[in-house]
Asks: 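Right, I'll just put the structure down here and ask away after.
Just so we're on the same page: letters track the sequence lines, and every chain starts at 1. FYI, side chains are in, hydrogens and waters are out, and symmetry mates aren't considered; it's all heavy atoms of this structure.
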Protein chains: 2
Amino acid sequence: MIISKSCIYAIQAAIYVAAESKQGYVPINIIAERLNISFHFLTKVLQDFTHSGLMISYRGPRGGVALAKPADEITLHDLVEAIDGTDIFTECMLGLPGCGTAEPCPTHEHWVEVRQRFTTLSQQLTLKDMAAKASLMHVRLANGVKHHTQMA
Amino acid sequence: MIISKSCIYAIQAAIYVAAESKQGYVPINIIAERLNISFHFLTKVLQDFTHSGLMISYRGPRGGVALAKPADEITLHDLVEAIDGTDIFTECMLGLPGCGTAEPCPTHEHWVEVRQRFTTLSQQLTLKDMAAKASLMHVRLANGVKHHTQMA
DNA sequence: CAAAAATCAGATAAAAGATTCTTAATACGC
DNA sequence: GCGTATTAAGAATCTTTTATCTGATTTTTG
């Protein structure tokens, strides 16, 4: 898997929050329930978002988490970086420290192209885009879960 | 990391064997020593290559492993597939089973492009190419290891 | 003060990575 | 031929990381 499970959950949660952002703070237990994720696990993961300034949280009744910025100012790259770090965007395919044009590994040239394309695309794809797609029918948000903004 | 550590070791070993292929079977302990990898760990990893028909092995004195096919008929894709499987080439970024054009996840379109590019490039990059690069000065094969075909 | 919510601390489970020991096959010297 | 050294294969254990779960604590509303 290209990204960790924590990161997958975090991305799904961020999309959910973005889609619900009109309603102020979204409680984590609601997110966890809708996405079939363990509540406490999601709690820990989302703290990385608050620590990195992508989300804000509020305790107590009517509390929860919310985006700290407009959804079109948060990219997939931001989300991945906050949870898994930047390794995936910069690392050598063979994990060699210092691999670069000066001292390339045998896969360097090819891998750099893929890595670069991934970086660019993930910087272009915003949370707003993803939330919009998730709100459409037949676009899946989580395992077995289709997102509908107007839910009973 | 995009591929497992086992896979990294396996790729490095395959490149080493390809570069030494003139000398018949290459003993695994020599490979492990030259690449700073645990011998027994490498043994287990390379068995996946023999099981999948990419390498052949021979026991006893003057034994070791060797490529089962010419190095230009083995691609990076083959190597990765033999160790880590095909998931990386086919999996959804969010790990959703069945994600595709019919039922895409919010990242599907973008991710498919990266995945496809990676697949294509890894199918084009052959072991012969990589071994040739590894034999050049300043091209690194493993951590702190530069490959030289004519070694003392 | 009570209920709702995030936060914090810790234990448990599962997977990946790495090590150690034993066994089986083979060539080569005698 | 026979025994020994060499080499891959196999089994079992240990460590580390990742993933998951459980319980207690703090903040905040009403």
Asks: Tell me every residue that passes side chain to side chain contact (heavy atoms under 4.5 Å, CB included) with Glu33(A), counting only those two or more places apart in sequence or in another chain.
Replies: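 Testing Glu33(A) for side chain to side chain contact (heavy atoms under 4.5 Å, CB included), a comparison that skips the adjacent residues, returns none.
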Asks: Give the rounded distance in Å between these two atoms: CD of Gln47(B) and C1' of dA11(D).
Replies: 11 Å
Asks: By side chain to side chain contact (heavy atoms under 4.5 Å, CB included), which residues pair with Tyr58(A), not counting sequence neighbours?
Replies: Tyr25(A)
Asks: To check you understand the geometry: which heavy-atom pair defines the closest contact between His108(B) and Cys99(B), and what is its length?
Replies: ND1-SG, 3.3 Å
Asks: Which comes earlier along DNA chain C counting from the 5' end, the contact point of Ser4(B) or that of Ser57(A), where each point is its nearest nucleotide?
Replies: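 Nearest nucleotide further toward 5': that of Ser57(A).
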Asks: Compare all side-chain heavy atoms of Phe49(B) with those of Val65(B) and state whether any distance is below 4.5 angstrom.
Replies: no
Asks: For the backbone of Thr90(A) and the side chain of Arg115(A), can you confirm whether one donor and one acceptor N or O come within less than 3.5 Å of each other?
Replies: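 A pair under 3.5 Å: yes.
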Asks: Summarise protein proximity over nucleotides 20-29 of chain D in one line of letters, 5' to 3': B for base, S for sugar-phosphate only, - for none, counting protein heavy atoms closer than 4.0 Å.
Replies: BSBB--BBBB
Asks: Is there a side-chain contact between Phe89(A) and Gln123(A) in this structure, where contact means two heavy atoms from C-beta onward sitting under 4.5 Å apart?
Replies: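 The answer is no, as the side chains (C-beta and beyond) never meet within the 4.5 Å cut-off.
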Asks: Side-chain donor-acceptor pairs under 3.5 Å in residues 68-80 of chain A, sequence neighbours left out?
Replies:
| from | atom 1 | to | atom 2 | distance (Å) |
| --- | --- | --- | --- | --- |
| Thr75(A) | OG1 | His77(A) | N | 3.3 |
| Thr75(A) | OG1 | Asp78(A) | N | 3.1 |
| Thr75(A) | OG1 | Asp78(A) | OD2 | 3.2 |
| Asp78(A) | OD2 | Thr75(A) | N | 2.9 |

Asks: Collect all protein-nucleotide pairs involving nucleotides 2-4 of chain D in which both atoms are nitrogen or oxygen and the distance is under 3.5 Å.
Replies:
none

Asks: Go through Glu109(B) and Asp129(A) one step at a time and tell me if the side-chain contact (heavy atoms from CB on, under 4.5 Å) criterion holds.
Replies: CA-CA 12 Å; Glu109(B) 275 181 63; Asp129(A) 298 331; over 6 Å; no
Asks: Using atom CE of Met55(B) as one end and atom P of dA9(D) as the other, report the distance to the nearest whole Å.
Replies: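 Met55(B) atom CE is separated from dA9(D) atom P by 11 Å.
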Asks: So which atom in Cys7(A) and which in Asp84(A) form the shortest heavy-atom distance, rounded to 0.1 Å?
Replies: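 Scanning both residues completely, I find the closest heavy atoms to be CB-OD2, 3.4 Å.
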Asks: side-chain contact (heavy atoms from CB on, under 4.5 Å) for Trp111(A) and Val114(A)? Distances and angles first, verdict last.
Replies: CA-CA 5 Å; Trp111(A) 176 241; Val114(A) 174; 3.7 Å; yes
Asks: Between Phe39(B) (CZ) and dG10(D) (C1'), how many Å, whole number?
Replies: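 Those two atoms, CZ and C1', are 12 Å apart.
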Asks: Between P on dA9(D) and CG on Asp48(B), what's the gap in Å once rounded to a whole number?
Replies: 11 Å
Asks: Roughly how far, to the nearest 0.5 Å, is OH of Tyr16(B) from CG of Leu127(B)?
Replies: 14.0 Å
Asks: Under 4.0 Å, counting only non-hydrogen atoms across every strand here, what does Thr43(A) touch: a base, just sugar-phosphate, or nothing?
Replies: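 Contact class for Thr43(A): base.
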Asks: Can you give the first and last nucleotides of DNA chain C, 5' to 3', that have an atom under 4.0 Å from a heavy atom of chain B?
Replies: dG17(C) to dC28(C)
Asks: Rounded to whole angstrom units, what separation is found between the CD atom of Glu33(B) and the P atom of dT6(D)?
Replies: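 One finds 14 Å between P of dT6(D) and CD of Glu33(B), rounded.
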